[in-house]
Amino acid sequence: MAKFKIEYDRDGCIGAAVCEAVCPKHWKMADDGKVNLLESTKQDKEEIYIKEIDEADFESMKVAADGCPVKVIHIQNKETGEKLI
Ligand code: SF4
């Protein structure tokens, strides 16, 4: 079962591509200069994208979130509800 929930505010992305460099499994640059969170679900009416990941992908996703200069990538522990970043 997925342990972490990823929330991505695409509106704020400035296309620095740190996330794609360190975590290409989940992030890919799009034609509009912002990244897409691959296989994510878009929330209604907002540029917020949600995805769940397993423990195995946590480290690379954490590096991506830490490295994002505008902090639009957030990680939540699904079991505890704790917001990790
Ligand atoms: S690191 Fe942040 S600003 Fe840069 S492409 Fe990824 S989400 Fe966008």
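From a predicted model like this one, the values you see are computed outputs, not experimental measurements. Read the numbers this way: they start at 1 and go in the same order the structure lists the ligands and their atoms.
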>> K3 and side-chain hydrogen bond (donor to acceptor under 3.5 Å, both in side chains): which single residue from E55, Q76, E52 fits?
In response: E55
> Any idea which protein heavy atom is nearest atom 3 (S) of ligand 1, and the distance to it?
Replying inline: I14 N, 3.4 Å
> From C68, does some N, O or S atom reach closer than 2.8 Å to atom 2 (Fe) of ligand 1?
Replying inline: yes
>> Looking only at protein heavy atoms, which one is nearest to atom 8 (Fe) of ligand 1, and what is the separation?
In response: C13 SG, 2.3 Å
>> Suppose I only count heavy atoms of V70 and a 4.0 Å limit; which atoms of ligand 1 are within that range?
In response: 3 (S)
> For ligand 1, which atoms have a heavy atom of V18 less than 4.0 angstrom away?
Replying inline: 1 (S)
> Against heavy atoms of Y8, which atoms of ligand 1 measure under 4.0 Å?
Replying inline: 7 (S)
>> Tell me the closest heavy-atom pair linking R10 and V35, and the distance in Å.
In response: NE-O, 3.2 Å
>> We want to know whether K83 and H74 form a side-chain donor-acceptor pair, criterion being a heavy-atom distance below 3.5 angstrom.
In response: no
> What is the ring orientation for Y49 with Y8, classed by angle as parallel under 30°, tilted 30 to 60°, or perpendicular over 60°?
Replying inline: tilted
>> For atom 6 (Fe) of ligand 1, what is the closest protein heavy atom, and at what distance to 0.1 Å?
In response: C19 SG, 2.3 Å
>> How far is atom 5 (S) of ligand 1 from the closest protein heavy atom, and which atom is that?
In response: A17 N, 3.1 Å
>> Please report the interatomic distance NZ(K62) to CZ(F4), rounded to the nearest 0.5 Å.
In response: 10.5 Å
>> For a salt bridge (charged side-chain N to carboxylate O under 4.0 Å, His left out) check, start with the C-alpha distance between K42 and E47, then their side-chain angles and the critical distance, and finish with the verdict.
In response: CA-CA 7 Å; K42 187 176 186 290; E47 284 293 292; 3.6 Å; yes
